[in-house]
Amino acid sequence: MRLNDLKSAASVALLLMSATAPQGFAQQTQVSPTAPSTAAPGDNAGLPPEPKATEPLYLRDTAKDYTHLKGYKFLNLIAPYTSTQVPLPTIQNTPRLATLLRDGTIYLGLTDAITLALENNYDIAIARINLDIADTDILRARAGSSLRGVSTGLVENTLGGTTTTITSGGGPGGTSTSSGGSGTGTSGLVLSTNGGGPAPYNFDPQLTSTVEFERATTQSSSSVSPTATVNTVTANVAYQQGFSSGTLLNVGFNNTRAATTSVLATYTPSITTTLRATATQHLLQGFGTGLNRRFIVEAINDRRITDSSFRQQVIYTVTQVESIYWSLVSAYEDEQAKERALQQSTQLASDNRKQLEIGTLAPLDVVNSDSAVATDRQALITSKSNLEYQQLLMKQAIARDLSESLIANAPVVPTDRIGLDRTPEEDMKVEDLVRLSYVNNPQIEQALLTMKNNEITIRGEKNGLLPTVDAFAFYGTNALGGTVNGSAVNLGTGSANNTASTPTGYGGVLQNLLSANNPDYGAGVNITIPIRNRTAQADQARSQMEYRQTQMRLQQLYTQIRIQVINAQYALTNDRANVEAAQAARDYGAQSLDAEQKKYKLGASTTANVLQQERNLATAENTLISATAAYAKDRSALSQIVSNTLDRYGISLVDAAAGTMTQMPFVPGLTAPKPPAPPKPLSATP
């Protein structure tokens, strides 16, 4: 009891000390990776570093600048009203592939495979167009229009070589594989509040014009208003433009010329013209440049997200091509191993038949060896089929047109093998490797940019809660003129009305209009207050909820990346041990077979023992091939998770975006193919 009392007293004392701790002693709390830094300058321990931005912005240098497209040019004022022709996609293979074809065989190194994939792979080509699509959204935003959005999910249509990556998305509830936009719900499409809030005015000026002729005959209904025919010509022009301050300018210039047969008309034809300019300014909802230019900021953020997504796509596809390549190497070496096994069993069967002929071997041993030959032949056929399929997978990953007979029918021979040199990532501390992943990972960059867009949406939805209060002011003038109607009757006197003194032509009327002899001006306020305002309240609350989901998604992303990095580093360590163990087992199998064959030739062994050792060696070779392929794939997978594949291989992202590689990548840790080493003497030191 005494010990328990002491524990209780100590617990109470620690609790009181923590509650009354002076400001100089900070309490230890868990720091969220997404929380803002509160550490002193230079002390960022425990906080994730800022992600590296994908540079340069606007990766793809295209012949057309889709952020501007067509403007007015000298002697070509109709340019903005003509269509833009997007170049047709290229479906031919790049010339680099033909240089690898020798004597009907494609001799392919891993560097060549990666380079060809960067130039020809359809997944990368499809993702490349997203860069231009994002530019068109910038063009729309500069006009004041809402955004259409860009698909930033991974394109995963290359068969084979599935790689491990985080693909759950950042849409509402994380239901989409994209970084932003909408997600798919159980009942269909789920729309987000992205881009919500008051819509800005159209920043592009609009010029509207109406030209109309009308002839109207009005039947008389009394003696005062006799039947008359009126020929009316209308020519109106209006100009409208919005500004980022929340201002709308409207200018209208209206002209009417009416000729009538009515004796009541003072002028025929009569000319009426008006000019009026109206300026409207949002005072609450829709006020301010920050609100009305938010689509431009979001479009630029979306372009950065698209650039980052393209970097992620390149890393993913390069890793996928590596995985396909090492599967091809495994299939190629497996086929060679199966050929060696068949040669060994065939040689044994041939020797057995010779011994049977001279009567030194039982017929059952010949049957056993013949059965082994049949089994090995079937295994070789299966291995050849798998090799042909892996060659086809390799070609579809690095070529666009497989209809070329030379390419379609050419076998692919891999010329690189994986070395067992240790990579820098294997020897890095876990925390250093995790922080490097946080810096390089494009998904973190995309998540943070998406959060910035969500913050913009929150401000827009908050502004949408306000009533609409618009101040307006207008100034105008009007003028009247025309030819005096000599047949007009003054209803008061009954005599002809021919004393009017007004301009008779359009020029005089226009002069009176510009002189502002008849001004018309005023000002006012329009107020719209939505009762209860439930729609705006729902959207504003939802925008906050979606932002909270994005924050949790980022926190989850940090956790997932940490686990994947640690697991990948462990996997690489285990793979290396597996390769070394498999290599030792293969050497042991070769030594055992060699010893058993020597014993058999001396008559100290049996066919069954030799066949057993052959099967043991074949199993050991298969294990070595599989372990080596797993090591090679996990090594590239670790680079993918750390997201340093491009830097490690020297891949230019600008070249990848252009689709033409001016600089060959360099993949470290590769060796040339080597035949299996002969068995070492049993007395040799391991």
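No hydrogens or angles considered: nothing links the side chains of Thr208 and Gln240 as a donor-acceptor pair under 3.5 Å. Counted by atom type alone, Arg534 and Gln537 present zero donor-acceptor pairs between their side chains at under 3.5 Å. Side-chain contact of Ser151 with Asn130: a donor-acceptor pair under 3.5 Å is absent, judged by distance alone. Side-chain contact check for Gln92 and Glu404: no donor-acceptor pair (N or O, by modelled atom type) lies under 3.5 Å. Asp539 and Thr193 are not linked by any side-chain donor-acceptor pair at a separation below 3.5 angstrom, with hydrogens and angles left out of the test. The closest side-chain donor-acceptor pair between Thr317 and Gln313 falls under 3.5 angstrom.
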**OP:** Using the side chain to side chain contact (heavy atoms under 4.5 Å, CB included) rule, take Val297 and Ile456 through it: C-alpha gap first, then chi angles, then the decisive distance, then the call.
**Re:** CA-CA 9 Å; Val297 179; Ile456 295 174; 3.6 Å; yes

Subject >> Test side chain to side chain contact (heavy atoms under 4.5 Å, CB included) applied to Tyr66 and Leu139, step by step >> reply: CA-CA 7 Å; Tyr66 292 97; Leu139 184 62; over 6 Å; no

**OP:** Carefully, step by step, assess Asp416 and Tyr325 under the rule side chain to side chain contact (heavy atoms under 4.5 Å, CB included).
**Re:** CA-CA 9 Å; Asp416 286 327; Tyr325 186 87; 3.5 Å; yes

**OP:** Report the C-alpha distance between Asn644 and Glu425 in whole Å, list the side-chain angles of each, state the deciding distance to 0.1 Å, and finish with yes or no for side chain to side chain contact (heavy atoms under 4.5 Å, CB included).
**Re:** CA-CA 10 Å; Asn644 65 344; Glu425 292 80 8; 2.7 Å; yes

**OP:** Start with the C-alpha distance between Thr550 and Asn454, add both sets of side-chain angles, then the distance that settles side-chain hydrogen bond (donor to acceptor under 3.5 Å, both in side chains), and finish with yes or no.
**Re:** CA-CA 8 Å; Thr550 307; Asn454 289 345; 2.7 Å; yes

Original post:
Please walk me through it: do Thr54 and Glu445 pass side-chain hydrogen bond (donor to acceptor under 3.5 Å, both in side chains)?
Top reply: CA-CA 8 Å; Thr54 301; Glu445 178 189 8; 2.8 Å; yes

Subject >> Trace of the side-chain hydrogen bond (donor to acceptor under 3.5 Å, both in side chains) decision for Thr278 with Asn250 >> reply: CA-CA 5 Å; Thr278 304; Asn250 282 294; over 6 Å; no

Subject >> Check against side-chain hydrogen bond (donor to acceptor under 3.5 Å, both in side chains), Gln640 and Tyr316 >> reply: CA-CA 7 Å; Gln640 179 195 13; Tyr316 177 86; over 6 Å; no

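Judged by distance alone, with hydrogens and angles left aside, the side-chain atoms of Arg142 form a donor-acceptor pair with the main-chain N or O of Thr67 at under 3.5 Å. Between the side chain of Asn533 and the main chain of Leu465, a donor-acceptor pair closer than 3.5 Å is present. Not one N or O on the side chain of Ser643 forms a donor-acceptor pair closer than 3.5 Å with the backbone of Ser639. Listed for the Arg128 side chain is a donor-acceptor partner under 3.5 Å among the backbone atoms of Ala657. With hydrogens and angles ignored, the 3.5 Å screen pairs a side-chain donor or acceptor of Asp123 with a backbone N or O of Asn157. Of the possible donor and acceptor atoms, one in the side chain of Gln281 sits under 3.5 Å from a partner among the backbone N and O of Ser245. In this structure, the side chain of Asp137 engages the main chain of Arg148 through a donor-acceptor pair within 3.5 Å. The closest donor-acceptor contact from the side chain of Asn120 to the backbone of Ala399 lies at 3.5 Å or more, if one exists at all. Within the 3.5 Å criterion, the main-chain N or O of Ala141 finds no donor-acceptor partner in the side chain of Ser145. Looking only at distances, no side-chain donor or acceptor of Asp432 sits under 3.5 Å from a matching main-chain atom of Met428.
Summarising the geometry, atom CD1 belonging to Ile133 is positioned 12.5 Å from atom CG belonging to Asp302; distances are rounded to the nearest 0.5 Å. Here the CD1-NZ distance, from Ile305 to Lys452, works out to 10.0 Å after rounding to the nearest 0.5 Å. In this structure, CD in Gln549 is found 9.5 Å from CE in Met545, a value given to the nearest 0.5 Å. To the nearest 0.5 Å, atom CD of residue Glu119 and atom CZ of residue Arg96 are 4.0 Å apart. Between the CG atom of Asn453 and the CZ atom of Phe295 there is a distance of 11.0 Å, given to the nearest 0.5 Å. For the atom pair OG1 (Thr319) and NZ (Lys633), the distance works out to 12.5 Å, reported to the nearest 0.5 Å.
Leu402 CG: more than 12 foreign heavy atoms inside a 6.0 Å radius. Within a 6.0 Å radius of CG in Leu207, other residues, nucleotides and ligands contribute more than 12 heavy atoms. The number of heavy atoms from other shown groups lying within 6.0 Å of OH (Tyr649) is above 12. Within 6.0 Å of CZ in Arg293 there are 12 or fewer heavy atoms belonging to other residues, nucleotides or ligands. Within 6.0 Å of CD on Glu455 lie more than 12 heavy atoms contributed by other residues, nucleotides or ligands. Heavy-atom contacts from other residues, nucleotides or ligands closer than 6.0 Å to CZ of Phe243 number more than 12.
With sequence neighbours left out, Gln391 forms a side chain to side chain donor-acceptor pair (under 3.5 Å) with no residue at all. In this structure Asp401 satisfies the side chain to side chain donor-acceptor pair (under 3.5 Å) test together with Ser403, sequence neighbours excluded.
Using cut-offs of 30° and 60° on the angle between ring planes, the pair Tyr438 and Tyr558 is perpendicular.
Side-chain contact check for Leu101 versus Tyr107: every heavy-atom pair is 4.5 Å or farther apart. With a 4.5 Å cut-off on side-chain heavy atoms, Glu55 and Arg304 count as touching. Counting heavy atoms from C-beta on, the side chains of Glu298 and Asn194 come closer than 4.5 Å. Looking only at side-chain heavy atoms (C-beta outward), Arg400 and Tyr122 come within less than 4.5 Å of each other. Val430 has its side chain within reach of Gln569: a pair of non-hydrogen atoms, C-beta onward, lies under 4.5 Å apart. Taking 4.5 Å as the limit, every side-chain heavy atom of Leu248 sits out of range of all side-chain heavy atoms of Gln241. Between Leu448 and Pro51 the shortest side-chain heavy-atom distance falls below 4.5 Å. The side-chain heavy atoms of Thr115 and Ile651, taken from C-beta on, include no pair separated by under 4.5 Å.
For the pair Glu431 and Arg435, the salt-bridge criterion is not met [side-chain N within less than 4.0 Å of a carboxylate O]. Taking the charged nitrogens against the carboxylate oxygens, Asp307 and Arg311 have no contact shorter than 4.0 Å, which rules out a salt bridge. The pair Asp647-Lys52 meets the salt-bridge criterion, since a charged nitrogen lies less than 4.0 angstrom from a carboxylate oxygen.
Residues Leu328 and Met394 come closest through the heavy atom pair CD2-CG, 3.9 Å. Taking both residues in full, the closest heavy atoms of Ile561 and Ser437 are given as CG2-CB, 3.7 Å, listed atom of the first, atom of the second, then distance.
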If you look only at distance, which donor and acceptor atoms sit under 3.5 Å apart when one is on a side chain in residues 658-666 and the other is two or more places apart or in another chain?
unit_1	atom_1	unit_2	atom_2	d
Thr662	OG1	Asp655	OD1	3.4
Thr662	OG1	Asp655	OD2	2.7

